[in-house]
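Excluded from the calculations below are hydrogen atoms, water molecules and symmetry mates; all remaining heavy atoms, backbone and side chain alike, are included.
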Amino acid sequence: MSTTTIDPDVPVALPRRIGPFRPKRLLVALILIALAIAPGQLGSLTRELMTDAYIAVSCFVAATLLLFYGAEKVFHFDLGEALSKSKNWQVPLAALLGATPGCGGAVIVVAAYSSGNVGFGAVVAALTATMGDAAFLLIATRPDVAVILLPISFSVGIISGWVIDWIGAPEFRADTSAQCELAPAIGKIRLRDWLFLALAVPGLVFGVSDLANVDIGAIYGDITIEAVALAGTLTGLFIWSTSKLTAMTNASDPAITRMAEETAFISVWVIGAFLAYDYAVAYAGLDLETWFKAVAPLLPLMGVLIGLVPGCGPQVLVTTLYINGLVPFSALIGNAISNDGDALFPAIALNPRAAIWATIYSMLPALIIAYGFYFFAPGFLN
């Protein structure tokens with residue numbers, strides 16, 4: 001009889017799927033659920049934060065995405081084609097797509113560049129203007145700041161794109177035959193998508209009422225609000241942990257499916273940022289306010305450098321720190337201009353050199369604007 005031995009020095013690869021789940025995402029989901037059902041203060045704080053994240057952010061994200069993707073389906077508007085036909089307006093249109101909350105607009109511009117429909121200035125404009133998924137968090141929690149920051153990013157994106165085209169920066173055109181599909185198609189509206197939508201509707205009502213300074217607990221009941229929020233969060237965790245996608249959805253999918261998939265993805269990052277901040281204060285005893293004040297002159301630079309990190313998680317964390325009053329507006333806007341969010345992942349897949357150089361080019365205006373606010377308007381929106 002033969003036996004099989006396992007060499008401890010040889011890493012064992014995790015299975016790609018465990019039933020319908022992706023192992024790493026399933027582990028994260030189970031950890032979050034365990035924290036939520038934990039006894040005592042830990043469970044109570046976690047449930048409260050999950051409820052806040054769902055009511056204050058996730059439902060507004062869902063509404064925005066459904067409106068955006070629904071309009072695309074109803075009006076049959078092809079943004080890539082519109083870019084190719086707008087020769088004199090490519091840079092402003094690309095900046096507008098980048099400034100749209102989320103990452104879809106910036107990816108459309110990079111895809112159009114790889115297919116030869118727009119110039120490199122349009123790519124720089126889009127990636128400079130985008131704030132990624134962190135824009136949803138800012139709009140939902142500090143709309144007064146969003147109406148100022150997003151137009152500034154949009155304007156800086158346009159100027160940056162025009163400068164790049166004016167100086168004649170080298171092109172990084174990719175081989176169009178090597179283009180890849182950004183995301184696998186799901187092809188239908190699933191039961192989980194309908195459930196997510198059904199829970200997001202009352203959640204949005206709670207969120208809008210809360211923004212209107214209504215005592216939602218007295219009107220709807222704290223138990224009802226928490227039940228809807230936690231059920232919506234649990235549904236989102238299931239969608240995220242079973243998803244084949246990394247962030248973006250396929251444009252051919254139904255609007256409701258795209259909304260559910262992308263909102264679930266964004267919500268995980270938002271929950272993580274909320275928990276990281278409150279756990280650090282409640283359990284680690286960190287006095288973040290004092291620590292950040294000690295390195296105040298470096299905060300705008302830190303915001304810009306964090307913006308260079310691909311993905312939305314670090315950017316959502318910077319926005320969370322700003323919302324909690326720990327970093328100034330100068331750090332937030334530096335991060336907003338320099339970051340590309342999740343758009344950088346598919347952008348690198350389509351055209352790595354263009355994506356990387358566009359990110360590098362966005363650093364200079366990010367530093368100028370960030371330190372401009374730091375030195376000349378230090379208390380602005382703080």
- Item | Full working for side-chain contact (heavy atoms from CB on, under 4.5 Å) between Tyr322 and Asn382 | CA-CA 8 Å; Tyr322 171 77; Asn382 292 339; 4.2 Å; yes
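- Considering only heavy atoms from C-beta on, Tyr283 stays 4.5 Å or farther from Asp278 through its side chain.
- How far CG of Leu301 is from OH of Tyr371: 4.5 Å, rounded to the nearest 0.5 Å.
- Side chains of Thr249 and Glu261: a donor-acceptor N/O pair is absent below 3.5 angstrom, by distance only.
- For Ile306, the side chain to side chain contact (heavy atoms under 4.5 Å, CB included) partners are Pro314, Gln315, Val318, Asn335, not counting sequence neighbours.
- Think of Trp89 as one node in a network of Ile, Leu, Val, Met, Phe, Trp and Tyr side chains linked at under 4.5 Å; it has no links at all.
- Side chain of Ser362 to main chain of Thr359: a donor-acceptor pair is present (N/O by atom type, distance under 3.5 Å, no hydrogens or angles).
- Taking CG of Asp253 as the reference point, atom CG of Leu245 lies at 7.5 Å (rounded to 0.5 Å).
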Below 3.5 Å, can you tabulate the donor-acceptor pairs from side chains in residues 193-210 to any protein atom, sequence neighbours excluded?
| residue | atom | partner | partner atom | Å |
| --- | --- | --- | --- | --- |
| Asp193 | OD1 | Arg190 | NH2 | 2.9 |
| Asp193 | OD2 | Arg190 | N | 2.9 |
| Asp193 | OD2 | Arg190 | NE | 3.0 |
| Asp193 | OD2 | Thr257 | OG1 | 3.1 |
| Ser209 | OG | Val205 | O | 2.8 |
| Ser209 | OG | Tyr220 | OH | 2.9 |

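- Counting only N and O atoms by type, the side chains of Thr242 and Arg25 include no donor and acceptor under 3.5 Å apart.
- The main-chain N or O of Leu326 is never found under 3.5 Å from a side-chain atom of Asn324 such that the two would form a donor-acceptor pair.
- A chain of hydrophobic side-chain contacts below 4.5 Å, direct or via other Ile, Leu, Val, Met, Phe, Trp or Tyr residues, connects Val327 to Met131.
- Side-chain contact, Tyr361 with Thr128: no donor N or O sits under 3.5 Å from an acceptor N or O.
- For residues 32-57, there are no salt bridge (charged side-chain N to carboxylate O under 4.0 Å, His left out) pairs, not counting sequence neighbours.
- Rounding to the nearest 0.5 angstrom, the gap separating the CD atom in Gln90 from the CG atom in Leu97 is 11.0 Å.
- Annotation: side chain to side chain donor-acceptor pair (under 3.5 Å) contacts of Ser58 (sequence neighbours excluded): Ser267.
- Rounding to the nearest 0.5 angstrom, the gap separating the CZ atom in Arg22 from the OG atom in Ser243 is 6.5 Å.
- More than 12 heavy-atom neighbours from other residues, nucleotides or ligands sit within 6.0 angstrom of CD1 on Ile167.
- One finds the CG atom of Leu149 at 9.0 Å from the CG atom of Leu381 (value rounded to the nearest 0.5 Å).
- Leu275 is listed as a side-chain neighbour of Leu32, based on a closest heavy-atom distance under 4.5 Å.
- Taking the six-membered ring for Trp and thresholds of 30 and 60 degrees, Phe120 and Tyr113 have ring planes inclined between 30 and 60 degrees apart.
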- Item | Intermediate values then yes/no, side-chain contact (heavy atoms from CB on, under 4.5 Å), Met259 and Ile256 | CA-CA 5 Å; Met259 174 276 297; Ile256 293 176; 4.3 Å; yes
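- For residues 136-159, the side chain to side chain donor-acceptor pair (under 3.5 Å) pairs, not counting sequence neighbours, are Arg142-Asp144.
- Between the CD1 atom in Ile219 and the OG1 atom in Thr224 there is a gap of 12.5 Å [rounded to 0.5 Å].
- Side chains of Phe21 and Phe238 form a contact here, defined as non-hydrogen atoms less than 4.5 Å apart.
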